[in-house]
Amino acid sequence: MANAYVPGLQGVVAARTRLSMVDGKNGVLVIAGFPLEEIAERATFEELVYLLWNDRLPNGRELADFRAQLAGLREIPPITRDVLEAAAERKAPAMDALRMAAGTLSLRTDGETLPEGQYRDALVAVARFPTIVAAYARLLARDGLIAPHHGLGHAANYLYMLSGTRPSDARARALDTYFNTVIDHGLNASTFAARVIVSTESDVISAVGGAIGALKGPLHGGAPGPALEMVFEIGEASNAEPFMRAKLARGERLMGFGHRIYRVRDPRADVLARAAERLFAADGDTTLYDLAREVERVALRLLDEHKPGRNLRTNVEFFTALVLQGLGIPVDQFTPTFAVSRVAGWTAHCLEQLAANRILRPESEYTGETARRWVPLEQR
Ligand code: ACO
């Protein structure tokens, strides 16, 4: 007998991984053996990329080599720039521009000495995503492009390429914390898409392209922009309740709340709430942070009324919005910035899938008729 159809594949275990464990019942996230809280605020992003790809933290020399290798690959070649310029002329959404530009990463650049293969693709994708996203943000704003700064870490260099100024250590730390927090998260939709693609023994760049497409959707990576817009639209604390009540009454969802897996508070939300608090305090103006905390408090109460017993809680996107806003990243670059981190998770999953591969090929339940009769064209 055929297996039962499972809507949304909820509860279906489709991969084995050592990369991350999501315990939705207890609100725990483990990244390659480390509880998120243990590493998110301590590690640099490069250390976590190394951890995911090698299953251990690098020592000092290994980290220096790895950082130099990534930094040496940051520059985007002319063909990638051409694609971004064409996309900017047509004002393409940033995730579409990222997808198109990421496709060019299959092409080897002049003088490239990396051996061809899946690891080369993973390195190039992680190294160049920040350059692509920052370049596109500046092209859209009609600002001149800023070449990568090889002396800066991955997070600091991203902020530098976006703004043209060297970020403070506190700002670079906030972005490292954000990148570390969203680097990997079990078999989420984009990671699953990447694993499906690479399981056909396709290549990592193709898998990354599919994953970008999956991440673009508002039910996955597209939520922080709308979450922030909601906080801005609410404007002041007294408006939070009527605004969100009306939204729920119209059958709309409150962006930044609810999660497929977490039935308690998303542990990433706590890490990012702390990062946002520090960031806004360092800038000396906590108005937006305070308003967001009030919006969160009211939203949780209203969601409890709206779906009693469902325990809809704050997800990662709500505080992502605050951290990225605090860092001066434009709202339309929020989801691409998520991709700048998650591409490390996608590529790690691709390498893991390929190391013990079996093509991912589930089944469908046919719901149509089975004995239709052919009707000639002239009789239809
Ligand atoms: N606001 C209002 N109602 C909600 C919300 C919300 N944020 N989240 C869930 N619900 C409702 C659903 O409409 C559903 O109602 P129904 O039973 O009448 O159809 C009920 O609560 C149960 O929904 P779930 O089964 O928990 O939702 P599902 O697992 O299908 O979806 C999802 C999870 C997509 C994240 C959903 O909570 C949502 O749309 N949230 C808002 C968007 C968002 O913040 N997305 C980012 C997620 S984090 C990430 O992807 C990195």
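Quantities reported herein were computed from a predicted structural model and do not represent experimental measurements. Computation of the quantities below employed the complete heavy-atom set of this structure, encompassing side-chain atoms and omitting hydrogens, waters and symmetry-equivalent molecules.
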Give me the ring orientation class for Y178 and F338: parallel if the planes are under 30° apart, tilted from 30 to 60°, perpendicular past 60°. perpendicular
With a 6.0 Å cut-off on ring centres, are F129 and H154 close enough? no
Does the plane of the ring in W53 sit parallel, tilted or perpendicular to the ring in F66? Use 30° and 60° as the thresholds. perpendicular
Value rounded to 0.5 Å, distance of CZ in R81 from CD in E85: 7.0 Å
Check the side chains of T165 and S163 for a donor-acceptor pair under 3.5 angstrom, ignoring hydrogens and angles. yes
According to salt bridge (charged side-chain N to carboxylate O under 4.0 Å, His left out), does anything in residues 166-185 pair up with another residue at least two apart or in another chain? List the pairs. R171-D283
Angle between ring planes, F319 versus Y289, binned at 30° and 60°: parallel, tilted or perpendicular? tilted
Can a salt bridge be assigned to the pair E116 and R120 using a cut-off of 4.0 Å between side-chain N and carboxylate O? no
Taking every heavy atom of Y160 against every heavy atom of A147, the minimum-distance pair comes out as CE2-O, 3.5 Å
Note: Q379 and V375 closest approach over all heavy atoms is CB-CG1, 3.8 Å
Does CD belonging to E252 count more than 12 external heavy atoms closer than 6.0 Å? yes
Can a salt bridge be assigned to the pair E37 and R274 using a cut-off of 4.0 Å between side-chain N and carboxylate O? no
Heavy-atom count around R250 CZ within 6.0 Å, excluding the residue itself: above 12? yes
What's the separation between atom CE in M161 and atom CZ in R138, rounded to the nearest 0.5 Å? 10.5 Å
R373, CZ atom: more than 12 neighbouring heavy atoms under 6.0 Å: no
Might you confirm whether atom CD1 of I79 has over 12 heavy atoms from other residues, nucleotides or ligands at distances under 6.0 Å? no
Sub-3.5 Å donor-acceptor pair from the side chain of D266 to the main-chain atoms of V316, do we have one? yes
When you check the gap from the basic side-chain N to the acidic O, do E352 and R16 get nearer than 4.0 Å? no
To the nearest 0.5 angstrom, please state how far the CG atom of N311 sits from the CG atom of L303. 10.0 Å
Do the side chains of R56 and E62 get close enough for a salt bridge, i.e. N-O under 4.0 angstrom? yes
In terms of relative ring orientation, are F45 and F179 parallel, tilted or perpendicular, with 30° and 60° separating the classes? tilted
What I'd like to find out is whether the side chain of R342 reaches to under 4.5 Å of the side chain of I183, using heavy atoms alone. no
